Amino acid sequence: NWSEQRVAVIGCGVMAQCLVDGWLKNSIFQADKMNLTDAYPAGIESLKKKYSNSAVSSNNIKAIEESEIVFICVKPFMVESVLIAALKESPLVFKNKILISVAAGLKLSLYHGILKNSGVSAIFRCMPNIACRVDSGMTAVCGSSALDGIKCDQALLESTKSIFEALGGWAAIEDEKLMDVVTALNGSALAFGCLAIEAMADGAVSMGLPRALALSLSAHALKAASALQIGTGEHPAVLRDQITTPGGCTIA
């Protein structure tokens, strides 16, 4: 029961807050059992105002010690130094913890190399996106046990589904080599979708449509296309062909 666990979110920036917002809204975790950290005073003040029922500080060690699940959400180039600093101050701070990292591009082997003698229970690598804050973000997860650094207990991997599915969706990635592709597609493709929305809206504005209406219609068009593909399972080309009637405005 994840909701009964204490959670540390190390580096509670934009992506982390999208996750936290989704978790709290869907009662995945409880606010009074969350420890959120930030390295900067301004960030800490902002978190305290937004998450008044959670513990907020710059003390990573205390947050980890008080939690069963540790989410590493700092920028990728900071991960190694953050983990090493924590171990240097408290060598067994990760003992019996489940560690879940959202840092893009970092392999599980890095974590196992740093945490090999830490007593950590399991390590997961995941790739969500910011749509988690509106329950529309898919999260891909791969992981391994701390014992062999290769294979993850399947039941434990499956159990992460309930952490992320309510935030939009969940997918298990068995081969970690695919995570770089997943990062590009699941993590970055939203930006291309936003670019398409903007471009379609610009075209509509150039033809006289008010900007707000143009953006709304453009965004809903992409949302509708996604809902059709997900809901029907049809190939996009099949759906496109259904929309493109002979002699109609779409083919023109």
Side-chain angles (χ1 to χ4, degrees), residues 2-20 23-24 28-128 141-150 152-153 156 159-160 163 176 179:
W2 294 113
S3 67
E4 297 300 318
Q5 307 298 309
R6 292 198 64 88
V7 180
V9 180
I10 308 301
C12 198
V14 175
M15 184 65 250
Q17 288 182 48
C18 291
L19 291 170
V20 172
W23 289 330
L24 294 179
I28 306 300
F29 297 116
Q30 299 177 38
D32 60 359
K33 292 186 177 181
M34 300 195 81
N35 294 279
L36 314 177
T37 74
D38 194 282
Y40 305 101
I44 292 171
E45 289 306 309
S46 176
L47 290 172
K48 285 181 177 179
K49 291 178 182 178
K50 185 176 181 181
Y51 305 107
S52 58
N53 293 325
S54 300
V56 176
S57 74
S58 60
N59 193 332
N60 292 339
I61 300 294
K62 188 173 185 293
I64 296 169
E65 285 178 339
E66 294 179 350
S67 304
E68 288 84 42
I69 308 167
V70 180
F71 287 89
I72 301 296
C73 302
V74 299
K75 290 180 172 60
F77 75 89
M78 299 171 63
V79 167
E80 189 169 358
S81 61
V82 167
L83 294 178
I84 291 173
L87 290 169
K88 186 176 181 180
E89 186 171 337
S90 180
L92 295 179
V93 69
F94 291 102
K95 185 176 177 61
N96 299 325
K97 314 288 185 183
I98 294 174
L99 186 143
I100 303 176
S101 172
V102 302
L106 300 184
K107 293 180 170 55
L108 287 166
S109 59
L110 171 74
Y111 298 96
H112 284 291
I114 297 171
L115 301 171
K116 60 183 177 182
N117 298 316
S118 68
V120 66
S121 294
I123 302 171
F124 295 99
R125 174 183 173 186
C126 72
M127 178 46 58
V141 184
C142 68
S144 57
S145 70
L147 297 177
D148 57 24
I150 301 171
C152 178
D153 178 84
L156 186 56
S159 74
T160 66
I163 296 179
E176 191 190 5
M179 282 299 287

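All values reported here derive from a predicted model rather than from experimental measurement. Note that these values count all heavy atoms, side chains included, but never hydrogens, waters or copies made by symmetry.
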E176 versus C142, closest heavy-atom pair with distance:
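Closest approach of E176 to C142, heavy atoms only: CG-SG, 3.8 Å.
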Provide the closest heavy-atom pair for A103 versus V74 in the form atom of the first, atom of the second, distance.
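That closest heavy-atom pairing would be CB-O, 4.1 Å.
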Tell me, please, which residues at least two apart from Y111 pass ring-ring contact (aromatic ring centres under 6.0 Å, His included).
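Y111: no ring-ring contact (aromatic ring centres under 6.0 Å, His included) contacts found.
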Going by ring-ring contact (aromatic ring centres under 6.0 Å, His included), name the residues that satisfy it together with F71, two or more places apart in sequence or in a different chain.
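F71: ring-ring contact (aromatic ring centres under 6.0 Å, His included) contacts with W23.
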Listed by chain and number, what are the side-chain hydrogen bond (donor to acceptor under 3.5 Å, both in side chains) partners of T160, not counting sequence neighbours?
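With sequence neighbours excluded, T160 shows a side-chain hydrogen bond (donor to acceptor under 3.5 Å, both in side chains) to W170, given in chain and number order.
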Output the distance between atom [atom1] ([X]) and atom [atom2] ([Y]), rounded to the nearest 0.5 Å.
X    : Y    : atom1 : atom2 : value
N35  : N60  : CG    : CG    : 10.5 Å
K116 : S109 : NZ    : OG    : 12.5 Å
I123 : L108 : CD1   : CG    : 7.0 Å

Find out whether P128 and M15 are in side-chain contact, i.e. whether some heavy atom of one side chain is under 4.5 Å from a heavy atom of the other.
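Of all side-chain heavy-atom pairs linking M15 with P128, at least one is under 4.5 Å.
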Within a strict 4.5 Å, meaning less than it, do heavy atoms of the L106 and S101 side chains meet?
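With C-beta onward as the side chain, the pair stays apart.
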Pair I163, F29 - check side-chain contact (heavy atoms from CB on, under 4.5 Å), show working.
CA-CA 9 Å; I163 296 179; F29 297 116; 4.1 Å; yes
Give the intermediate values and the outcome of side-chain contact (heavy atoms from CB on, under 4.5 Å) for residues L24 and M34.
CA-CA 10 Å; L24 294 179; M34 300 195 81; 3.7 Å; yes
For a quick test of your reading: what N or O donor-acceptor pairs under 3.5 Å do the side chains of residues 76-100 make, sequence neighbours left out?
unit_1	atom_1	unit_2	atom_2	d
S81	OG	M78	O	2.9
K97	NZ	I64	O	3.2
K97	NZ	E65	O	3.3
K97	NZ	S67	O	2.5

Under 3.5 Å, side-chain donor or acceptor atoms of residues 43-50 against the rest of the protein: list the pairs with distances, not counting sequence neighbours.
unit_1	atom_1	unit_2	atom_2	d
K50	NZ	Q17	OE1	3.0
K50	NZ	D21	OD2	3.1

Evaluate the criterion side-chain contact (heavy atoms from CB on, under 4.5 Å) for residue pair K107 and R125; output intermediate values, then yes/no.
CA-CA 8 Å; K107 293 180 170 55; R125 174 183 173 186; 4.1 Å; yes
List the atom pairs, donor and acceptor, that lie under 3.5 Å between side-chain atoms in residues 2-12 and the rest of the protein, sequence neighbours left out.
unit_1	atom_1	unit_2	atom_2	d
W2	NE1	S159	O	2.8
W2	NE1	S162	OG	3.1
S3	OG	N1	OD1	2.7
E4	OE1	K33	NZ	3.3
R6	NE	E66	O	3.1
R6	NH1	D32	O	3.4

